[in-house]
Every structure is written in structure tokens, then in C-alpha cells.
Amino acid sequence: MSNLLKKVLVTAGIIASTSVMAADYPSKNIRLVVPFGAGGGTDAVGRTLANSAKDILGQNIAVMNRTGGSGAVGMSFGAQQKPDGYTLTVVTREIASLPQMGLMQHDVDDFKLIRLVNLDPAVVLVSKDSPFNTINDLIAEAKKKDGAVKFASTAAPNFYLMTLEKAEGIKLNAIPYNGASEAIPAVLGGHTDVTMVTPGEAIAQLRSGQLKALGVMSNERISYIPDVPTLKEQGVDVQSGTWRGIGAPKNTPDAVIETLGKAFDEAMATTEFKEFMQKGAMTIHPMNAEEFTNFVKQDTKTLGELINN
């Protein structure tokens, strides 16, 4: 048998095997890797989506929390799994930032992106007694002197802050805290002047009146806090936020990706998932595989301009 014929037969066998696998998919339980700890926002979104999708796919979806490195450990683990559709990963904005910072070996090209699930803008927050009533009040104070305004930072680097600083030519005094659960009390207690988090992370304090929102970092107002203007409405053309989606290892068959995409579309449309997201003040923002891939490429470019400047 010639080498050429052997190669043709091997290739044909691979194609046939892939086709059979895709046609039979899914035939066993699926694993969903969540790169952050149990009980957090990413974990909650992943678990609720998995629960909503399991009946659609006819197989259980078990969540595995694989934490560390601000999401790098879990996403790298997911990228290295067998590309058969039985190990999926919740991918977050960190897939666009960490590789550019040398903090993650794998990047978005190691995945086939399936669906964007949610997209939440950041909201600029101060205490109810703050002298700042608009984003321009804060910017004016920051322009008086670098570091004049103390910022409770939920991450380092903080891309919400960096986006505003670059756009307005200002420099805030960023004080590091371990996430929104620490940054919000720092603002409430007067230890810092301002923070930026997603609406869901501060919705209770916003609704109770403990915090005052100076603006939302999005193109349009959001339904959970409809009275809060965007920064753009106030003459500050800045958008930033966070997002979560689902990916699979890069060599996963397209037919499997298509099956999963349709299932997650249905899952995001269920009453269970919509009510969960509404309760948490999180925005469902579905994008198909192609749209999601292009979106991440653009966000990677945007973050690169902040990281490298």
C-alpha cells in the first residue's frame, strides 16, 4: 500500500470517526470548568446555565471549580482537555488580558468559542454623602492633582479605571482590595472616594441608597438602574465592563459546537435562567460563535492598548 493511500485512508477514518461522534453527541455527562471559586458570580452563572441546559442536551453537566491565577489555571486546564465536547470551560475577560500580561500560557486561540452569555458594564460608585454627583465632578477633582481621588480597586491592574484615566488624562490613587466585597465597604466607610464594579455586585447598596452611581460605562442605560446616566451621556465617551461565555478546546468538531450553541441559546431563554440573572442584576447578552469570537478579538486589542501603553 502506498504512503499516499495510507494517508487518504487515515484521513477518511478520522473524518468518519468525527462524524459518528458528532451525530451521537452527547452520549455521556459533560463537565463544565469554572475558573473561579464556588459561590462567586462566575460560578453562579455557570451552574445555573448548566442546570438549564442539561435537560435540553439530555445529559448532566457537572461543574468543576479549577481556581488560581485570576482564572488562568482553570482556563488553561480547559484548553488542554480532549476536544470531544465533554469538557467545556467558562471563559471570562481574563482570557483577553492575562496572556498579554505574560500571566497565562494559553489564549483565546486555544478555544473554539461557543456562546457569549452575559455582558455587564462597570458602574462608577461613591457613597451617598460624597460631594461628587456626576462623573465630571470626579474628573474635575482628579485633574487638580494626581492621586487626589482615592479609588478602591477590585483588581490589579484595574481596566475599568485604566480606561477612564486614559480617556480623561487623569490619575487616581488606586488602593488594592480583594474584589467588590472589600472595595464597596471601603467606599461606604469613607476609606476611599470611589470604586467601579458591575451593577450586580452593588445592587443591594444602590437600591438601599447607601451608594450613589455617577454613571454607567456602557453605550446605553441598563434596566436594573435605569435612572443612572451613561458616562457617554455626560460627555465622557468611555465603555468598559466584564463578560462571561462558554468555550471548548480548539479542535472540537464544528457539529458539536453547533449542537452546544443551540442548547445554550435555549438555556439562556428559559425562565429559570432569566429569573436568576434578573435577581442578580446581570445582563444576558447572547452572541453566537462567530460574533463572540470577533468580540473577543476586539476586546483583546482594546486591552492590549491599555496594557502596552
Side-chain angles (χ1 to χ4, degrees), residues 32-54 61 63 65 70-71 74-75 88-97 113-125 154-155 158-160 163 179-184 195-208 210-211 213 215-231 239-247 261 263-288 291-292 295-296 299:
L32 178 65
V33 179
V34 173
F36 294 96
T42 300
D43 176 71
V45 171
R47 287 180 187 275
T48 308
L49 185 66
N51 194 60
S52 297
K54 67 181 182 180
I61 303 177
V63 171
N65 296 95
S70 298
M75 285 187 279
L88 310 177
T89 304
V90 177
V91 291
T92 63
R93 199 183 194 197
E94 284 73 16
I95 194 71
S97 63
L113 300 181
I114 302 169
R115 287 295 186 271
L116 179 67
V117 177
N118 93 286
L119 175 63
D120 286 310
V123 58
V124 184
L125 299 171
T154 59
N158 190 297
F159 294 113
Y160 306 156
T163 303
S181 62
E182 291 185 5
I184 290 170
T195 192
M196 300 176 195
V197 299
T198 59
E201 292 173 311
I203 195 66
Q205 294 87 351
L206 280 167
R207 288 174 175 167
S208 68
Q210 293 174 281
L211 288 174
V216 180
M217 302 176 81
S218 59
N219 282 318
E220 299 177 351
R221 296 193 186 196
I222 56 176
S223 61
Y224 302 117
I225 43 175
D227 295 333
V228 178
T230 65
L231 268 60
Q239 293 85 41
S240 191
T242 192
W243 51 262
R244 304 177 179 99
I246 307 293
F264 288 129
D265 284 341
E266 288 186 47
M268 284 186 272
T270 61
T271 300
E272 174 195 26
F273 190 72
K274 289 193 290 187
E275 288 182 348
F276 163 77
M277 295 295 280
Q278 184 174 17
K279 184 177 180 180
M282 293 182 283
T283 304
I284 302 173
H285 196 105
M287 286 185 188
N288 64 31
E291 293 168 337
F292 187 17
F295 170 81
V296 177
D299 199 33

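Since this is a predicted model, take the numbers as computed values, not measurements.
Counting heavy atoms from C-beta on, the side chains of Y224 and V123 never come closer than 4.5 Å. Side-chain atoms of T242 and T92, non-hydrogen and from C-beta on, never get closer than 4.5 Å to each other. Using a 4.5 Å cut-off on side-chain heavy atoms (C-beta onward), I203 and I225 make contact. A 4.5 Å side-chain heavy-atom check between F292 and I246 finds every atom pair outside the cut-off. In this structure, the side chains of F273 and N51 stay at 4.5 Å or more apart for every pair of heavy atoms. Between Q239 and T163 the shortest side-chain heavy-atom distance does not fall below 4.5 Å.
The backbone N or O of F36 lies less than 3.5 Å from a partner atom in the side chain of N65, making a donor-acceptor pair. Counting only distance, with no hydrogens or angles, the side chain of R221 and the backbone of P226 share a donor-acceptor pair below 3.5 Å. Checking side-chain atoms of Y160 against main-chain N and O of V197 turns up no donor-acceptor pair under 3.5 Å.
Taking all atoms of both residues into account, the shortest heavy-atom contact from A267 to T270 is O-OG1, 2.7 Å. For L206 against A213, the heavy-atom pair with the smallest separation is CD2-CB, 3.9 Å. The two atoms that bring V228 and G215 nearest to each other are CG1-CA, 3.8 Å, heavy atoms only. Contact between I114 and G247 at its shortest, heavy atoms only, is CD1-C, 4.0 Å. Across G46 and V90, no two heavy atoms sit closer than the pair CA-CG2, 4.3 Å.
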side-chain contact (heavy atoms from CB on, under 4.5 Å) between V45 and F276: does it pass, once the steps are laid out? CA-CA 8 Å; V45 171; F276 163 77; 4.1 Å; yes
Are M277 and T283 close enough, and set up right, to give a side-chain contact (heavy atoms from CB on, under 4.5 Å), and what steps lead you there? CA-CA 7 Å; M277 295 295 280; T283 304; over 6 Å; no
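Once rounded to the nearest 0.5 Å, the distance linking OG1 of T198 with CH2 of W243 reads 15.0 Å. The structure places CG of N118 at 5.0 Å from CZ of R244, a figure rounded to the nearest 0.5 Å. Going from atom OG1 of T48 over to atom CD of E275 covers 11.5 Å, rounded to the nearest 0.5 Å. Rounded to the nearest 0.5 angstrom, L125 CG and Q205 CD are separated by 9.0 Å. Note that the CG atom of L231 and the CE atom of M217 stand 6.0 Å from one another [nearest 0.5 Å]. In this structure, the separation between OG1 on T89 and CG on L32 is 7.0 Å, given to the nearest 0.5 Å.
Other residues, nucleotides and ligands place more than 12 heavy atoms under 6.0 Å from the CD atom of E291.
Of the N and O atoms on the side chains of E272 and S52, at least one donor lies less than 3.5 Å from an acceptor on the other residue.
Contacts of R93 classified as salt bridge (charged side-chain N to carboxylate O under 4.0 Å, His left out), with partners at least two apart in sequence or in another chain: D299.
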